[in-house]
Amino acid sequence: MTAVVGTARVVRAGSFSVRVDVRSVTVCSLLLVGILVVATWSIMVGDFPLSVRQVLSAVFGDGGDDAEFIVQTLRLPRALTAILVGAALGMSGAVFQSIARNPLGSPDIVGFQQGAAFGAVLVIVYWGGSSLAVAGGAVAGGVVTALLVYVLAWKRGLSSSRLVLVGIGIGFTAAAGVDYLITRADIYDVQRAAVWLTGSLNGRSWDHVRTVGLALLVLAPLVIIGQRSLDRLDLGDDTAAALGVRVNRAKLGLIVLAVGLSALAVAAAGPIAFIAFVAGPIARRMVNSPNACVVPAAFVGAFVLTAADLVARRVLAPTELPVGVMTAIIGAPYLLWLLTRRARTGAL
Amino acid sequence: MTATLDPATAPSVVPVAARRGIARRTIGMVLLIATTVIAVPLSLAVGAKPIPLGPVVEALLSYDPTDTDHLVVRELRLPRTIVGLFVGSALGVAGALMQAVTRNPLADPGILGVNAGASFAVVIGIWAFGTTSVDDLVWFALVGAAITSVVVYALGSIGRAGATPVRLALAGAALSALLFALTRAVTLLDTATLDQFRFWAVGSLSGRDADIAWSVAPFIVVGLVMAVGVSRSLNAIGLGDDAAAALGVKVHLTRGVSGIAIMLLCGAAVAAVGPIGFVGLVLPHAARALFGPDQRWLVPACAFGGAAFLLLCDTAGRVIARPSEVQVGIMTAAIGGPAFVILVRRMRMVRL
């Protein structure tokens with residue numbers, strides 16, 4: 001049996017019921033197709049071009065040795081990392097923007113990604129660092145930074161402009177810490193760290209896929225469950241409390257989940273700027289919903305990152321740019337546009 | 001007695017209070033100059049090899065090239081100290097001017113993206129034009145600083161509310177992110193550029209020779225003179241553009257001259273030592289607490305204070321993590337980042 005509420009449809013099976021938004025399902029399906037197309041294209045191009053047929057057969061393990069090696073060890077893990085990192089960043093950004101009730105509250109703007117980067121570089125420079133240790137460093141750095149930003153921005157309540165500015169200040173400090181670590185390493189480590197710090201998907205292996213994949217597998221379902229509280233928090237703390245949300249506990253829980261997602265994404269691909277920032281607003285517009293849209297945001301993030309990586313690899317081919325350069329080139333103008341538009345409407 | 005409306009001379013209407021204020025500020029200025037004077041011998045004496053003050057003075061007055069202590073002082077520490085004095089005062093005064101022109105308490109060459117613009121231009125100079133000498137790079141830095149300041153200010157002041165602190169800071173942060181990404185892209189394409197750029201990029205006084213000081217000095221001196229020149233008119237602009245115009249101040253001329261001074265000071269500072277943030281943020285606030293809002297006092301106070309602050313940060317950076325050094329840009333960020341957070345917490349927030 002189904003009931004229609006706006007574009008939402010409630011699917012019931014016995015005592016179990018799920019509210020499914022038709023429009024967001026359509027949007028997500030379209031984005032999924034887009035992601036698959038771009039990812040396949042991305043696997044096809046390179047020094048050793050492959051046809052669609054070769055890619056597909058190599059993915060399923062019967063494409064001949066050369067094609068199989070290229071696809072399975074080099075290009076498939078890279079494409080999967082892009083998808084998963086994009087999804088994690090997009091989801092994390094949507095949660096933060098919703099809690100801050102401000103599109104500028106995303107983890108790349110308010111310094112969490114810089115904090116995670118500091119943690120990760122610290123592990124690389126001082127302990128060599130397996131990818132698990134680097135991931136641990138990134139999560140620790142991200143969590144500490146997030147706590148710091150929220151505690152310091154708190155002053156008889158949380159003003160969102162104070163949150164953003166405190167975040168920028170902390171981000172600058174963390175970035176200085178990263179610079180300090182960089183000057184202590186030798187030039188080869190520096191080159192590697194510099195690529196990583198810009199946010200790169202170059203040379204990603206199945207290790208990276210596992211790191212972000214596990215993070216998404218564990219954290220994403222919890223975020224989706226939390227979406228209910230998030231939607232109510234959007235109405236304001238008092239209204240949310242009246243609707244039965246334990247405001248502070250819900251916020252803390254959601255922040256922890258979102259920090260985890262963004263920090264593990266940073267651990268896998270470096271602090272890729274602006275994906276977390278653009279995904280949420282684009283998803284809201286596509287779904288045409290005032291809510292946080294965490295799932296569509298994840299799909300948007302995955303699509304944008306995959307596409308940006310493809311462009312970054314091809315625009316100066318054979319030289320590959322790190323994807324972070326491309327996302328900054330897309331994201332910074334969007335941020336500036338947002339500023340001018342909000343300025344005109346008097347919202348800033 | 002003629003009481004004029006000019007805010008610069010307005011205090012003369014209340015002579016007793018003004019005299020007391022002037023006495024307090026004179027003492028403050030003397031203390032500030034004394035700090036700068038003390039910072040110089042400290043910067044010459046402290047380092048990987050501590051040198052007592054006696055030999056330091058001898059090295060300056062009766063230089064003996066065969067004495068290693070003299071050699072260290074004259075060849076390494078003296079140029080570094082001179083660069084520090086110039087750059088520190090440039091950054092301090094640039095911050096004071098930026099805060100006055102934008103009427104924004106968070107303005108700073110680092111936060112508003114001017115350093116990022118100058119850095120990007122320098123990297124382009126190294127990479128695309130093969131420029132390596134500071135004499136030539138300073139021109140790139142000036143152009144980069146000029147373009148970025150204009151763009152950030154234009155983006156930040158669209159709309160009825162004008163340039164609010166939040167919007168200027170965000171426009172600066174966005175442009176910084178974009179320019180630093182482009183800078184990274186260039187350094188990744190070319191390892192030689194990266195190797196030349198990386199120590200410079202972090203903001204350091206280490207290894208700066210006397211030539212660097214002399215090639216940026218003219219720009220900084222001109223910038224400082226311009227800053228002193230507009231300080232009186234900036235006082236009037238602090239009352240708002242309309243009030244300033246009513247007082248006979250040429251608002252656009254004042255802003256233009258201040259803009260050129262900011263560009264000269266930031267560009268020269270970045271060319272000499274790389275992007276150093278937060279000196280321009282912290283100094284004017286400290287100076288205002290001591291000297292009040294009068295630009296005619298603030299400009300010289302920030303010049304001396306900036307020089308002393310940068311030298312002391314640099315000297316501390318040499319001993320804090322022995323045997324290696326902490327670059328001065330990291331020291332200023334470590335002090336300035338928390339200072340920024342404190343300022344934000346004290347500001348009354350507009351809704352975003």
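Letters A, B, ... mirror the listed sequences (proteins, then strands); counts begin at 1. Worth knowing before you read on, the calculation uses all heavy atoms, side chains too, and leaves out hydrogens, waters and symmetry mates. Please read these numbers as outputs of a predicted model, since none were measured by experiment.
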Proximal component of B/Ala177, with respect to chain A [non-hydrogen, under 4.5 Å]: both

Atom group of A/Phe274 that falls short of 4.5 Å from chain B, counting heavy atoms: side chain

Non-hydrogen atoms of A/Arg314 and A/Val45 that approach each other most closely: CD-CG2, 3.7 Å

Backbone of A/Val95 reached by a side-chain donor or acceptor of A/Ser98 within 3.5 Å: no

Engaged part of B/Phe180 at the chain A interface, taking heavy atoms whose separation is under 4.5 Å: neither

A/Gln113 side chain to A/Ser262 backbone, donor-acceptor under 3.5 Å: no

Donor + acceptor pair across side chains of A/Ser42, A/Arg313 (<3.5 Å): yes

Minimum heavy-atom distance between B/Cys266 and B/Ala94, given as atom pair plus value: SG-CB, 3.9 Å

Residue A/Leu152 versus chain B: region with a heavy atom under 4.5 Å: both

Most contacts with chain A, counted as non-hydrogen pairs under 4.5 angstrom, among B/Gly337, B/Ala174, B/Ala169: B/Ala174

